[in-house]
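For reference, the structure is listed below as structure tokens.
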Amino acid sequence: MSEMTQTAAKPRIERAATASRTYTIFVIIGLAALILAPMFFYPIFLMKLLCFALFACAFNLLLGYTGLLSFGHATFFGGAAYFTAHAVKEWGFPPELGILTGVVGAALLGLIMGFFAIRRQGIYFAMITLALSQMFFFFCLQAEFTQGEDGIQSVPRGHLFGFIDLNSSTNMYYFVLGVFLIGMVIIWRFINSPFGMILRSIRENEPRAISLGYSVARYKLGAFVMSAALAGLAGGLKSQVFQFATLTDVAWQMSGEVILMTLLGGIGTLIGPIFGAGLVVTLQNYLATSQFPVTIVTGVIFMVCVLVFRRGIIGEFYASRLGRKLGFEHRR
């Protein structure tokens, strides 16, 4: 009987080993490409792409792995941008402490919003997050420290750890890359931990998770706060890259944009949101100076992906024959 079990498990083990090797190769290629990218592309474009890729991955942590659709993630992204910009410009914080201030602020906002939002499910959860996000938007419009419609401008980049000049585009790019990689490691560790496994069980069958004795509300709140903190990390980083924070960062359109990025790439996949963010940011960058309306082109691409790539582009690749052969598994 044990021999039959070992025989049945052998293909599964081989697929897991193949997937591990493939992931390792892709990670090495990806790291090499990111390190060499400033030699071939405009650094500001690359930094924007990395910031929004981290934002999309943070959002996917909530939607893809917990099954909670938030329409209010712009609160954490834009709120952290404001907190970071204010701390650096008005309080004289160094960039690393300024970004940390933004992350803590976003986490606190996530704790407050999540406390109210997780009491409902489905469309009601989404509408609560949207309503609370709009409340924060109007707060930013009226608050003195945000400087209203003008936003916080001319934010100094400063010196990282007191001696690395971030006014250099090269230094700033590798700082952004370092923070992005740290954020991705945190997300990877989070979703592959026992906590992440419980979140998946909640996504798949919440009543069963409750029957097993798990405090579902606490796990949802933990995922919400973690997602908010990582979105804040992206927002704080973005305010340092572009040296300003405006109402655009907290508007509902920003929440819609990150949802679009995640769905295009593939929810429930680690690199799907990165691909989706890269696609959207690239379209915005290269169509901005053309006569093509960016929103219409993006909308058409989104419609095509919804109709043809139901799982997202990366999700469909994982589910394809080649993806299965390489050992990938699309987790819904």
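- A pairwise comparison of heavy atoms in Ala234 and Cys51 identifies CB-O, 3.3 Å as the closest pair.
- For the pair His73/Ser227, a side-chain contact is recorded, criterion being any heavy-atom separation below 4.5 Å from C-beta on.
- Using cut-offs of 30° and 60° on the angle between ring planes, the pair Phe83 and Phe145 is parallel.
- Between Tyr174 and Leu177, some side-chain heavy-atom pair lies under the 4.5 Å cut-off.
- A cation-pi arrangement is present between Arg119 and Phe115 under the rule of less than 6.0 angstrom and at most 45 degrees off the ring axis.
- The only member of Phe52, Phe59, Tyr82 that meets ring pair (Phe, Tyr, Trp, His ring centres under 6.0 Å) when paired with Phe77 is Phe52.
- With a 4.5 Å cut-off on side-chain heavy atoms, Leu221 and Leu111 count as touching.
- At a threshold of 4.5 Å between non-hydrogen side-chain atoms, the residues Leu264 and Val280 count as touching.
- Within a 6.0 Å sphere centred on OH of Tyr214, heavy atoms belonging to other residues, nucleotides or ligands number 12 at most.
- A distance of 11.5 Å separates CD1 in Ile182 from CG in Leu230, rounded to the nearest 0.5 Å.
- Put simply, the residue from Ile314, Thr262, Ile259 that forms a side-chain contact (heavy atoms from CB on, under 4.5 Å) with Ile267 is Thr262.
- Considering all non-hydrogen atoms of both residues, Ile187 and Ala58 come closest at CD1-N, 4.1 Å.
- Remark: side-chain polar atoms of Asn60 are not paired, donor with acceptor, to backbone N or O of Leu270 under 3.5 angstrom.
- A donor-acceptor pair under 3.5 Å links the side-chain atoms of Thr84 to the main chain of Gly98, judged by distance alone.
- Looking only at distances, a side-chain donor or acceptor of Arg203 sits under 3.5 Å from a matching main-chain atom of Gly64.
- Checking side-chain atoms of Arg157 against main-chain N and O of Ser168 turns up no donor-acceptor pair under 3.5 Å.
- The shortest distance between side-chain heavy atoms of Asn285 and Phe41 does not fall below 4.5 Å.
- Of the possible donor and acceptor atoms, none in the side chain of Ser133 sits under 3.5 Å from a partner among the backbone N and O of Thr129.
- Shown here is Met127, whose CE atom has more than 12 heavy atoms of other residues, nucleotides or ligands within 6.0 Å.
- Thr146 and Ala143 make their closest contact through OG1-O, 3.0 Å (heavy atoms, listed as atom of the first residue, atom of the second, distance).
- The heavy-atom pair separating Ala80 from Gly102 by the smallest distance is CB-O, 3.4 Å.
- Side-chain contact between Phe175 and Ile99 is present, with at least one heavy-atom pair separated by less than 4.5 Å.
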Full working for side-chain contact (heavy atoms from CB on, under 4.5 Å) between Ile198 and Ile202: CA-CA 6 Å; Ile198 295 171; Ile202 294 172; 4.2 Å; yes
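- At distances below 3.5 Å, at least one donor-acceptor pair connects side-chain atoms of Lys89 with backbone N or O atoms of Gln153.
- With rounding to the nearest 0.5 angstrom, the CZ atom of Phe138 is 10.0 Å from the CG atom of Leu247.
- Counting heavy atoms of neighbouring residues, nucleotides and ligands inside a 6.0 Å radius, atom CD of Glu149 does not exceed 12 of them.
- Tyr173 is listed as a side-chain neighbour of Leu34, based on a closest heavy-atom distance under 4.5 Å.
- Atom CG of Leu283 is separated from atom CG of Leu279 by 5.0 Å, given to the nearest 0.5 angstrom.
- Considering every non-hydrogen atom in both Gly232 and Val103, the closest pair reads C-CG2, 4.3 Å.
- Contact annotation: the side chain of Val241 never approaches that of Leu50 to less than 4.5 Å [non-hydrogen atoms, C-beta and beyond].
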